[in-house]
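What follows is one structure encoded as structure tokens, with my remarks underneath.
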Amino acid sequence: MSRRYDASEIEPKWQRRWADEGLYRASDDPRDERPRFYALDMFPYPSGDLHMGHAEAFSGGDAVARYQSMRGYNVLHPIGWDAFGLNAENAAIKRGTPPAEWTYANIEQQAASFDRFGMSFDWSRRVQTCDPTYYRWTQWLFLRLFERGLAYRKNAPVNWCPSDQTVLANEQVIAGACERCGAMVERRALTQWFFKITDYAQRLLDDVDLLTDWPDRVMTMQRNWIGRSEGAEVTFTIEETGEEIPVFTTRPDTLWGVTFFVFSVEHPAVRRLAESGGTWDEVAPLVAKAAATSLVEREAADTREGVALGVHAVNPVNGERVPCFAAPYVLTGYGTGAIMAVPAHDQRDFEFARAHDLPVCVVIQPEDAIEVDPEAMTEAMAHEGVMVNSGPFDGEPSPASIAKVTAWLEAEGRGKAAVNFRLRDWLISRQRYWGAPIPIVHCPACGEVAVPDDQLPVLLPEDVDFQPGGESPLARHPSWKDVSCPNCGGDAVRDTDTMDTFVDSSWYFFRYCSPGYEDGPFRREDIDRWMPASQYTGGVEHAILHLLYCRFFTKALYDMGMVGFVEPFPKLMNQGQVIYGGASMSKTKGNIVEPMPIVERWGADTMRLIMLFAGPFEDDIDWKLIETEQGRRPGAHSWLGRVFTAVGDAAGSETEEPEELVRLTHRTIAGVTDDMERFRFNTAISKLMVLTNEMRTVLDAGGGAAGAARALVLLLAPLAPFAAEELWREVLGERASVHMSDWPTFDAALAAEDTVTMVIQVDGKVRDKVEVPSGISDEEALALARASEGAARILAGRQVAKEIVRAPRLVNLVT
RNA sequence: GCCGGGAUGGCGGAAUCGGCAGACGCGCGGGUCUCAAAAACCCGUGAGCGAGAGCUCGUGAGGGUUCGAUCCCCUCUCCCGGCACCA
């Protein structure tokens, strides 16, 4: 019995029945003895309907969840929304729609689309970070960090638009100007909240080693971001004022090559020193210019720019006095904000020295050169060599000498070994409305006071003005911020900043384990049951920040005794991005492709197969290169049609299956199982296509294919869940869902080949092929090769000098 | 500049351990069916030479190791991603 494949009839039907049957509920029943599998997908941001990137990511994540379920696991596959953020507020400003309304409308649309895609989510655990029942606990977690000194306030610059009178995100600064009004963006210092992630820098670095199933590239990015460097801290003394200025260097072996000293423009000592040196008139404009530069632009300073301070720094290793400068190429946030400059061996220092006509002193002599003329140098030297002009260390090979110099500095009391991290503390304050309010009250008498736990959540008010101007929306609200101090009862004000949305997304995977729990963010026993997550799937764009913040939160919770492990996601899979014509899809480029039209025209299964078959899951997909011409039938859809006819024909046939098809079936089960374990969906699908083609051939020749059909439908289930269910229940007549069925097992004996094709080469070139028994001996293989016609033709008149025999695959006769 | 990843037919890709390069699909060409078209189905499809058997070339370029290299090593070119004056 053949059945025409019609997705529009099949898919809505099963979508309803799966919901009715409660198929995808994870079981918390302690009597459930199945092993557990937590299939975690990065939750989406509700900025509109689902896009092609979601289609790719969730097709893969859902395949994993369904596969593991068929493998016998009790699968937790939850979904939620990362629902606070800038976009909702921008929409509010533009259209006057309240952020909540815009956000919840988008969530509902995305939820409906996910449902239409047939995602196997356990909807009962749905999480939305903008719900008070969620952000109550975001605030609660903030307070736990605050109690431990891991949340603190300090001054930090923000991007400030002088025309709109508002704070801008880096993203809103386009070429130094405000994206809304075009005014040049300035910097403004505000007191803001930070999480002390730097306290965890070493552990975050060390524990990368525990992430055994992360892609290498992501582990490397994490390590580089943390950026540990070892070196020395050395203190220089300002000759004129006696002030002591520490610097960090990774190259203490170049200390004797210091010819000048540079402060970052924002360094607190700059004004004092310039005034003392009588150069403040020249330095002030540079400081003012830096202050007026946006954060983004500030990072790209010219190496040649800088002004002398008119004072000198004394080098503690040799007592030499060198001139001091202020220059924007020295960064405030890294090291101590001041550097010892070694132009001979650092390129940036070299460029600055040339621009300001400063001496260059070579202290690492390359071993192959007799003498280097500093005047003739065109760039800094970064080679290994021997220390020269370095007092007690002349003749020491560098960089091996770094440890010796450091030890000497410590022994002499002129410096000490030091470790510096590139990682900075996490700035979490946002001067915005649509986020979780920071649960702190500022009291003139008591200072920063935590909102008591039983008063959480600090709710967002609804009657708020979103138009930009002066202060953040919460600060402008007439009454919201006015409270009495929880400590002394006096008049006090709420903190009017909200938290970075990365805070919300740093713990949502814990909440999935204890949905609706009211006595804490989660229940320890639920976490012990499901975490660490078995598999985390999501985009590589989150390879650094999101993952680092989740790791930090988990370690902090571990230290509080709230969880029993230090890494939340030991296994990570990053899918590639979906791009168009070599460029990422975006509204401004007008190249956005949405999955819904494809789903409506051809079905969700076809959409999934297109995405998963396009290439390796971790590679980018360029939609322009794989899209099917308008109106034409996608290949994936045609294949599903062939699967329907083949399975239908096989189901109606009582004929015995040929041995060849049984063998291919078992080889396919083995191959697809292996592919699913490694997220190689593209090769899994190709193997299923091969099996379909072979079934067709066998059926057309009058043979049976019932066993192959059963296996094909089971193997197809995680990849095209609707089609597989229709075939399983309606065509093959099974009662229970294919998605609750057991993954097929293969019989190695049945999968084994009796004969293989043996290649006969002469001098490494294929000259003949013969079918041989797979158990053929080396002697028999060689005899066959020598008897081969193809080989003999080439060998005529030549002597075989060597025989390479790799029975049963290959014989190579070398002349 | 640094770090990471790549480069295979007209296109997406496959080759899991150094052993038949191009699986599977798309596209294209031819055919069956049809009044015709679409759909479906069948055959063909790396390049060159050849009537054919077959031969030669071929995995970014050049070199090396090896009986044998898409795979290992060296040099180079180009592309993509990430981070960038990180001392």
Side-chain angles (χ1 to χ4, degrees), chain A residues 4 215-221 223-225 227 229 231 247-251 254 262 264 299-303 327-331 333-342 345-349 351-352 420-424 540-541 543-544 576-577 579 582 584 609-610 613-616 618-629 631-636 638-639 641-642 645 671 674-675 678 680 682-690 692-693 696 700 757-769 790 793-794 800-806 809-815:
Chain A
R4 209 176 60 82
D216 288 341
R217 59 175 170 170
V218 179
M219 291 197 284
T220 305
M221 282 191 250
R223 289 195 185 99
N224 291 347
W225 188 264
S229 53
V247 299
F248 173 77
T249 178
T250 54
R251 295 294 306 274
T254 64
V262 192
S264 87
E299 301 273 298
D302 186 335
T303 342
Y329 85 92
V330 173
L331 299 180
Y334 187 79
T336 64
I339 63 157
M340 55 177 234
V342 186
H345 305 292
D346 183 284
Q347 185 60 26
R348 289 153 303 157
D349 297 347
E351 287 166 18
F352 190 86
N420 195 53
F421 289 95
R422 180 189 175 280
L423 184 68
R424 293 176 217 163
V540 74
E541 65 272 19
I544 297 179
Q577 285 176 274
I579 59 176
S584 56
L609 290 172
I610 289 171
F613 187 58
E618 64 271 33
D619 287 6
D620 288 351
I621 294 173
D622 193 332
W623 186 259
K624 190 183 167 79
L625 298 176
I626 64 158
E627 70 185 334
T628 306
E629 212 179 303
R632 284 186 80 140
R633 192 177 184 194
S638 310
W639 174 56
R642 287 195 293 277
T645 44
D674 191 43
D675 286 341
R678 303 174 199 220
R680 297 168 54 126
N682 57 331
T683 51
I685 292 167
S686 91
K687 288 180 177 86
L688 296 179
M689 287 172 168
V690 171
T692 312
N693 293 344
R696 186 74 264 154
D700 287 347
T757 306
M758 185 174 81
V759 172
I760 298 166
Q761 296 182 334
V762 176
D763 292 333
K765 283 187 180 169
V766 180
R767 297 300 178 178
D768 212 345
K769 295 174 188 181
R793 194 170 47 240
I794 300 291
V800 174
K802 195 170 174 184
E803 292 141 348
I804 311 286
V805 184
R806 296 283 180 274
R809 294 276 165 206
L810 169 139
V811 174
N812 188 9
L813 303 173
V814 184
T815 61

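Residue numbering restarts at 1 for every chain, and letters A, B, ... go by the order of the sequence lines.
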> Reckon A:Pro616 touches a base, only the sugar-phosphate, or nothing at all at heavy-atom distances under 4.0 Å?
Replying inline: sugar-phosphate

>> What's A:Ile626 touching, base or sugar-phosphate or nothing? Going by heavy atoms closer than 4.0 Å.
In response: sugar-phosphate

>> Under a 4.0 Å threshold between the charged nitrogen and the carboxylate oxygen, would A:Asp346 count as salt-bridged to A:Arg348?
In response: yes

> Who is the Watson-Crick or G-U wobble partner of B:C35, with both distances under 3.5 Å?
Replying inline: none

> Could one point to a donor on the side chain of A:Arg680 or the base of B:U16 with an acceptor on the other under 3.5 Å away?
Replying inline: no

> Does B:C78 have a Watson-Crick or wobble partner in any strand here, with both distances under 3.5 angstrom, and which is it?
Replying inline: B:G6

>> Looking at B:G44, which nucleotide sits across from it as a Watson-Crick or G-U wobble partner, both distances under 3.5 angstrom, or is there none?
In response: B:C28

> For B:G54, which nucleotide is its Watson-Crick or G-U wobble mate, given both distances must be under 3.5 Å?
Replying inline: B:C49

> Can you check whether A:Arg806 has a side-chain N or O nearer than 4.0 Å to OP1 or OP2 of B:G68?
Replying inline: no

Review item, nucleotides 43-54 of chain B N/O atoms under 3.5 Å of protein N/O:
none

>> Please determine whether a side-chain nitrogen or oxygen atom of A:Asn812 lies at a distance below 4.0 Å from atom OP1 or OP2 of B:G19.
In response: no

> Nearest-Å distance, CZ (A:Phe613) to P (B:G12)?
Replying inline: 14 Å

>> What I want to check is whether an N or O donor and acceptor connect the side chain of A:Gln577 with the base of B:G81 at under 3.5 Å.
In response: no

> If you count the non-hydrogen atoms of other residues, nucleotides and ligands that lie under 6.0 Å from CZ in A:Arg422, is the total more than 12?
Replying inline: yes

>> Using a 4.0 Å heavy-atom cut-off, does A:Trp225 contact any base of the nucleic acid, only the sugar-phosphate backbone, or nothing at all?
In response: sugar-phosphate

> Donor-acceptor pair under 3.5 Å: do we get one between A:Arg809's side chain and the base of B:G19?
Replying inline: no

> Does any nucleotide pair with B:A14 by Watson-Crick or G-U wobble geometry, both distances under 3.5 Å, and what is it?
Replying inline: none

> So which nucleotide does B:G19 pair with, by the Watson-Crick or G-U wobble rule with both distances under 3.5 Å?
Replying inline: B:C67

> Contact class for A:Arg632 vs. all strands (heavy atom < 4.0 Å): base, sugar-phosphate, or nothing?
Replying inline: sugar-phosphate

> Between atom CD1 of A:Ile760 and atom CG of A:Asp768, what is the distance when rounded to the nearest 0.5 Å?
Replying inline: 5.0 Å

>> Using only modelled atom types and a 3.5 angstrom limit, is any donor from either the side chain of A:Lys769 or the base of B:C20 paired with an acceptor on the other?
In response: yes

> Is there side-chain contact between A:Thr645 and A:Arg696, with at least one heavy-atom pair below 4.5 Å?
Replying inline: yes

> Between the side chains of A:Ser229 and A:Asn420, is a donor N or O closer than 3.5 angstrom to an acceptor N or O?
Replying inline: no

> Quick one: which of A:Ile339, A:Val262, A:Thr254 gives a side chain to side chain contact (heavy atoms under 4.5 Å, CB included) with A:Asp349?
Replying inline: A:Ile339

